[in-house]
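Everything numeric here is computed off the predicted structure, so don't read it as measured data.
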Amino acid sequence: MPKKIRRRGPSVFHKKRHRALKAVGWVILAALVVAVGYFTARYMMENFKPGGGDASTVSPGGGPESSAPGTETTPPTTAPTEPEDGEVSVDGALRAFYLPVEQLGDLAALEEKLDAAAQAGFNAFLFDLKDENGTLHYQSSTALAQQAQTTAEDAYTVAQLKEILAAAQEKGFAAIPRLFAFKDPEAPFYLPSAKITLESYPGMTWLDNKKEKGGKPWLNPYAPDAHAYIIGLAEELSAAGFPAIMLDGVQFPDQTSSAYYGTSELTSLSQQAVLEKFVADLKEAVGDGCRVMQTMPGLSAFGDGTAPFGGNPVTFGVATVSPVLMPSTLGNTLRAGEETLSDPASHPYDAVRLSAGQVKLRLELMPEDSRPAMMPWLQAGSYSAAQIKEEIRALTEVLGEDASYILYQEDGGYDFASLQ
């Protein structure tokens with residue numbers, strides 16, 4: 001450090017002229033030394049990186065604050081945005097297929113299947129962690145999940161789920177768990193505060209049909225504990241690292257005769273509003289790092305059979321809607337605009353083209369900033385590879401070459417080689 005210069009008082013200005021000039025010279029020299037020291041220290045602090053190496057930073061305006069010694073300053077280049085190490089993006093085109101959850105346990109077999117699927121252009125798979133029977137296929141630590149007593153005996157641990165997720169990411173695949181929400185015939189027996197009850201006898205469990213005809217209970221979309229149960233699962237899976245969650249069964253029963261929903265703070269809302277609130281609360285719980293998707297019947301997505309949803313379910317606020325456009329689910333006659341198609345299951349190309357077009361028109365009625373992406377379910381099962389390709393062709397004609405979809409075969413036995 002330069003030696004500090006101490007002033008000697010006013011008498012110094014009464015010395016000879018050359019002594020005054022000499023003193024001024026020393027002051028200027030000291031100032032230069034201090035300035036050089038300051039900027040040198042600043043450079044070292046701004047460019048210091050633990051472990052060594054250059055760490056020149058970019059200012060908020062986009063220009064480099066400093067560059068390595070001996071190099072010219074050049075405009076920064078912008079690299080393409082990539083997911084962090086080990087992560088797979090779910091924001092672009094997803095070509096997914098459904099897998100039975102029990103097929104995830106053998107990691108070697110799973111990796112082999114993913115290799116084959118990748119050759120056919122797939123980059124995601126979907127599986128049930130809370131199925132339509134209410135069964136939980138992983139060991140949740142949430143209090144309501146433990147109270148529900150619906151965890152399968154062979155349920156995966158969270159640690160095992162993370163291993164499955166890591167194996168998928170290593171292969172470049174997004175692993176997407178599906179959760180059935182209020183359509184749950186088991187948990188209501190153990191969660192009395194979360195079930196629909198009987199209007200005449202509020203202490204009794206309501207069934208959606210007579211017991212002898214297979215009537216089943218439901219979780220109550222107006223019950224805060226029913227919301228908390230599903231949201232807790234989604235939050236837990238998001239924390240485990242899953243990049244997206246698919247919701248199903250976000251609805252009321254098809255018929256609600258004699259159903260009693262209680263008197264919670266939610267019962268003042270309409271059916272559509274309470275389902276929208278459920279989705280909004282779940283999205284907030286999982287955070288921006290987990291994409292929320294929702295499945296619904298294809299016909300309800302373009303306006304038919306919307307009563308169980310209180311309105312069109314594509315408007316509930318999820319990031320991606322997944323209408324079931326499998327031709328065999330579209331009834332005996334499909335009407336779309338001025339076109340009518342008899343026996344949609346026998347005409348996979350036309351069935352997907354018409355139904356996807358109808359859903360697209362419905363989505364285009366929504367404000368652009370709240371319009372969800374579309375990733376419909378397509379049918380495999382008894383269809384040949386040629387018929388599956390016809391479904392995909394129809395979808396890409398409607399949605400473009402980057403169309404997303406989920407191919408469904410119940411047993412997961414896909415012939416990926418034939419789809420290349």
Under 6.0 Å between the ring centres of [X] and [Y]?
{"X": "Y222", "Y": "F252", "answer": "yes"}
{"X": "F122", "Y": "F173", "answer": "no"}
{"X": "F125", "Y": "Y98", "answer": "no"}

Spacing of [X] atom [atom1] and [Y] atom [atom2] [to the nearest 0.5 Å]:
{"X": "K216", "Y": "N209", "atom1": "NZ", "atom2": "CG", "answer": "10.5 Å"}
{"X": "L247", "Y": "Q294", "atom1": "CG", "atom2": "CD", "answer": "6.5 Å"}
{"X": "D281", "Y": "I230", "atom1": "CG", "atom2": "CD1", "answer": "13.5 Å"}
{"X": "L341", "Y": "N332", "atom1": "CG", "atom2": "CG", "answer": "11.0 Å"}
{"X": "M296", "Y": "Q251", "atom1": "CE", "atom2": "CD", "answer": "10.0 Å"}
{"X": "D411", "Y": "E102", "atom1": "CG", "atom2": "CD", "answer": "10.0 Å"}

field: Worked check of salt bridge (Lys or Arg N to Asp or Glu O under 4.0 Å) between E339 and R335
entry: CA-CA 6 Å; E339 294 189 64; R335 294 179 177 84; over 6 Å; no
Would you say the side chain of [Y] lies within less than 4.5 Å of the side chain of [X], judging by non-hydrogen atoms?
{"X": "L219", "Y": "P188", "result": "yes"}
{"X": "P221", "Y": "L275", "result": "yes"}
{"X": "F127", "Y": "P177", "result": "yes"}
{"X": "P327", "Y": "D343", "result": "no"}
{"X": "L179", "Y": "L129", "result": "yes"}
{"X": "M204", "Y": "T197", "result": "no"}
{"X": "K283", "Y": "I231", "result": "no"}
{"X": "M374", "Y": "L363", "result": "yes"}

Are more than 12 heavy atoms from other residues, nucleotides or ligands located less than 6.0 Å from atom [atom1] of [X]?
{"X": "Q420", "atom1": "CD", "result": "yes"}
{"X": "E364", "atom1": "CD", "result": "yes"}
{"X": "K277", "atom1": "NZ", "result": "no"}
{"X": "Q255", "atom1": "CD", "result": "yes"}
{"X": "E284", "atom1": "CD", "result": "no"}
{"X": "E153", "atom1": "CD", "result": "no"}

Minimum heavy-atom distance [X]-[Y], with the two atoms named:
{"X": "D254", "Y": "P308", "answer": "OD1-CG, 3.4 Å"}
{"X": "A175", "Y": "F242", "answer": "O-CD2, 3.3 Å"}
{"X": "A155", "Y": "L136", "answer": "CB-O, 4.1 Å"}
{"X": "V359", "Y": "G298", "answer": "CG2-O, 4.4 Å"}
{"X": "L114", "Y": "A168", "answer": "CD1-CA, 4.0 Å"}
{"X": "A301", "Y": "N312", "answer": "O-ND2, 3.1 Å"}

- prompt: Could you go step by step and tell me if Y408 and F97 meet the ring-ring contact (aromatic ring centres under 6.0 Å, His included) rule?
  reply: CA-CA 6 Å; Y408 178 78; F97 61 96; over 10 Å; no
Is it the case that the side chain of [X] and the backbone of [Y] share a donor-acceptor pair, with hydrogens and angles ignored and the cut-off at 3.5 Å?
{"X": "N133", "Y": "T135", "value": "no"}
{"X": "Y414", "Y": "A117", "value": "no"}
{"X": "Q146", "Y": "S141", "value": "yes"}
{"X": "E186", "Y": "T150", "value": "no"}
{"X": "S238", "Y": "A234", "value": "no"}
{"X": "N220", "Y": "A194", "value": "no"}
{"X": "K195", "Y": "Y190", "value": "no"}
{"X": "Q387", "Y": "S384", "value": "yes"}
{"X": "Q358", "Y": "F302", "value": "no"}
{"X": "R371", "Y": "M366", "value": "yes"}

query: Should K130 and D184 count as an ion pair when the cut-off is N to O under 4.0 Å?
result: yes
message: I'd like to know if R393 pairs up with E390 as an ion pair, taking the criterion as any Lys NZ or Arg NE/NH1/NH2 lying under 4.0 Å from an Asp or Glu carboxylate oxygen.
response: yes
Distance alone, cut at 3.5 Å: any donor-acceptor contact between the side chains of [X] and [Y]?
{"X": "Y261", "Y": "E199", "value": "no"}
{"X": "D128", "Y": "H137", "value": "no"}
{"X": "E276", "Y": "Q272", "value": "yes"}
{"X": "E236", "Y": "Y138", "value": "yes"}
{"X": "T295", "Y": "R178", "value": "no"}
{"X": "W206", "Y": "S258", "value": "no"}

query: Does the side-chain hydrogen bond (donor to acceptor under 3.5 Å, both in side chains) test come out yes or no for R291 and T320, once each step is laid out?
result: CA-CA 8 Å; R291 190 176 185 90; T320 300; 2.8 Å; yes
message: Tell me which one of Y229, W218, F278 satisfies ring pair (Phe, Tyr, Trp, His ring centres under 6.0 Å) with F182.
response: F278
- prompt: Would I245 and V292 satisfy side chain to side chain contact (heavy atoms under 4.5 Å, CB included), going step by step from the backbone distance to the final call?
  reply: CA-CA 5 Å; I245 291 172; V292 178; 5.6 Å; no
message: For a side chain to side chain contact (heavy atoms under 4.5 Å, CB included) check, start with the C-alpha distance between V352 and Q379, then their side-chain angles and the critical distance, and finish with the verdict.
response: CA-CA 10 Å; V352 171; Q379 185 168 332; over 6 Å; no
query: When you look at D225 and Q147, which way does the side chain to side chain contact (heavy atoms under 4.5 Å, CB included) test go after all the steps?
result: CA-CA 11 Å; D225 276 355; Q147 184 181 341; over 6 Å; no
- prompt: Mind checking whether F316 and F309 have parallel, tilted or perpendicular rings, split at 30° and 60°?
  reply: tilted
message: Does I196 form a side chain to side chain contact (heavy atoms under 4.5 Å, CB included) with Y260? I'd like the steps, not just the answer.
response: CA-CA 6 Å; I196 301 175; Y260 179 62; 5.8 Å; no
